Amino acid sequence: MNDPQHITQEENFMKIGIMGAGSIGSVLAQRLSAHGHHVEIANSRGPETIPADVLATGARAVQAADVAADVDVLITSVPLIRVPDLKPLLTGLPADAVVIDTSNYYPTRDGHIAALDRGQVESRWVEEHLGRRVVKAWNAITAQSFVAYANPSGTPGRIAIPVAADDDDDRALGMSLVEQTGFDGFDAGTITDSWRQQPGSPVYCTDLTAEQMPAALGKAIAERSPKRRDLAMHVIAELMGDPTSDLGKDFLVRVNRLIHN
């Protein structure tokens, strides 16, 4: 596998599998293949259901059973409740492949998961069900911001995305790939620390810069984040259900900033 410290435009690119063709997974396929990586993407419904625009920059649609075969990196971008279903698909995943997970726990969508309701770190739960250590990345940005606000490195006000992992090399690789998708990769520490980027935290979907990120991570309060997550979802659902609401641009980010900080 490529050394994450030496991935450049001039050197060999990686083979990346993406499981999940939703809003985040689709943009990841477009951006990472445009950067030069060999990208294959799959969903649960078959390769023929993946839109052509997702493949326009070179990604290839494959069967879910094949997406993890011989990859350097596997990105899982499915609803958290679907994570256990992925375990049988990892039989062809190389032992040294890096797994990057983008999922978040929402009880209104996923149903209540007792371990997470008791405070287990979401990515630890993911690791237990996949049987692999993971990198947590791309979970703390809205799909709208991910599409709209990619910028070259060094752009003033560039949005940062927190990246957590227990292995330093894995985290460095995750940060490098975040950079390649148009955002500052921010070192958010270990998976034990990754609760600070879960829904309801001050960094979650609030479009912060790298300079703003440390203070926001430090302000996170574990017992308050689930309450703020659920409150944000209630407010968003209420306003989106009102046909008279003028929600405007960056509506989700503005709600999250109001509630999470």
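Every value quoted in this text rests on a predicted model; they were computed, and no experiment measured them. The chain is numbered in sequence order, starting from 1.
Annotation for D207 and R257: closest pair O-NH2, 3.3 Å, computed over non-hydrogen atoms. The minimum heavy-atom distance between R158 and E179, with the atom names listed, is NH1-OE1, 2.7 Å. G46 approaches N43 most closely through the heavy-atom pair N-OD1, 2.9 Å. For V203 against Q197, the heavy-atom pair with the smallest separation is CG2-CA, 3.6 Å. A61 and I50 get closest at one heavy-atom pair: CB-CD1, 3.9 Å. Taking both residues in full, the closest heavy atoms of M14 and V73 are given as SD-CG2, 4.0 Å, listed atom of the first, atom of the second, then distance.
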Could you go through the side-chain contact (heavy atoms from CB on, under 4.5 Å) check for L116 and L80 one step at a time? CA-CA 11 Å; L116 299 182; L80 183 136; 3.8 Å; yes
Assess the residue pair V67 and L89 against the criterion (side-chain contact (heavy atoms from CB on, under 4.5 Å)); give the C-alpha distance rounded to whole Å, side-chain angles, the decisive distance to 0.1 Å, and a yes or no. CA-CA 8 Å; V67 75; L89 305 177; 5.5 Å; no
Might you work through the side-chain contact (heavy atoms from CB on, under 4.5 Å) test for K15 and D70, ending with a clear yes or no? CA-CA 8 Å; K15 182 178 180 183; D70 301 320; 4.1 Å; yes
Side chain to side chain donor-acceptor pair (under 3.5 Å) between R124 and T192, intermediate numbers included: CA-CA 8 Å; R124 288 288 183 219; T192 298; 2.9 Å; yes
side-chain contact (heavy atoms from CB on, under 4.5 Å) between R229 and Y105, worked out: CA-CA 9 Å; R229 172 201 65 202; Y105 175 46; 3.5 Å; yes
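The pair R228-E223 does not meet the salt-bridge criterion, since no charged nitrogen lies less than 4.0 angstrom from a carboxylate oxygen. The residues R60 and E40 are annotated as salt-bridged, a charged nitrogen and a carboxylate oxygen being separated by less than 4.0 angstrom. D166 has no carboxylate O lying under 4.0 Å from a charged side-chain N of R133, or vice versa, which leaves the two without a salt bridge. With respect to D193 and R196, no salt bridge is recorded, no charged nitrogen being found less than 4.0 Å from a carboxylate O.
The closest side-chain heavy-atom distance from E127 to I191 is below 4.5 Å. Counting heavy atoms from C-beta outward, E122 and N104 have side chains that approach closer than 4.5 Å. V78 is listed as a side-chain neighbour of L86, based on a closest heavy-atom distance under 4.5 Å. When side chains are defined from C-beta on, P107 counts as touching D230, because their heavy atoms get closer than 4.5 Å. Looking only at side-chain heavy atoms (C-beta outward), L28 and I16 stay at 4.5 Å or farther from each other. In this structure, L130 and V83 have side chains that are in contact, with non-hydrogen atoms separated by less than 4.5 Å. Under the 4.5 Å side-chain criterion, counting only non-hydrogen atoms from C-beta, F186 is not in contact with V178. Proximity of D110 to P79: side-chain heavy atoms (C-beta onward) are separated by under 4.5 Å at one or more points.
Other residues, nucleotides and ligands contribute only 12 or fewer heavy atoms inside 6.0 Å of the CZ atom of R224. Annotation: H234, atom NE2; neighbour count of heavy atoms from other residues, nucleotides and ligands within 6.0 Å does not exceed 12.
Taking the six-membered ring wherever Trp is involved, the centroid distance between the rings of Y149 and F183 does not fall below 6.0 Å.
For the atom pair CG of L90 and CG of L74, the computed distance is 6.5 Å after rounding to the nearest 0.5 Å. Distance check, rounded to the nearest 0.5 Å: NE2 of H37 to OG of S33 gives 9.5 Å.
Listed by chain and residue number, L231, L239, V255, I259 satisfy the side-chain contact (heavy atoms from CB on, under 4.5 Å) test with V235 (two or more places apart in sequence, or in another chain). In this structure, S26 has no side chain to side chain donor-acceptor pair (under 3.5 Å) partners at least two apart in sequence or on a different chain.
Side chains of Y204 and N139: a donor-acceptor N/O pair is absent below 3.5 angstrom, by distance only. Checked by atom type, the side-chain pair D101/T76 shows a donor-acceptor distance below 3.5 Å. For W138 and T181, the side-chain atoms include at least one donor-acceptor pair closer than 3.5 Å. Side chains of S201 and S225: no donor on one and acceptor on the other come within 3.5 Å.
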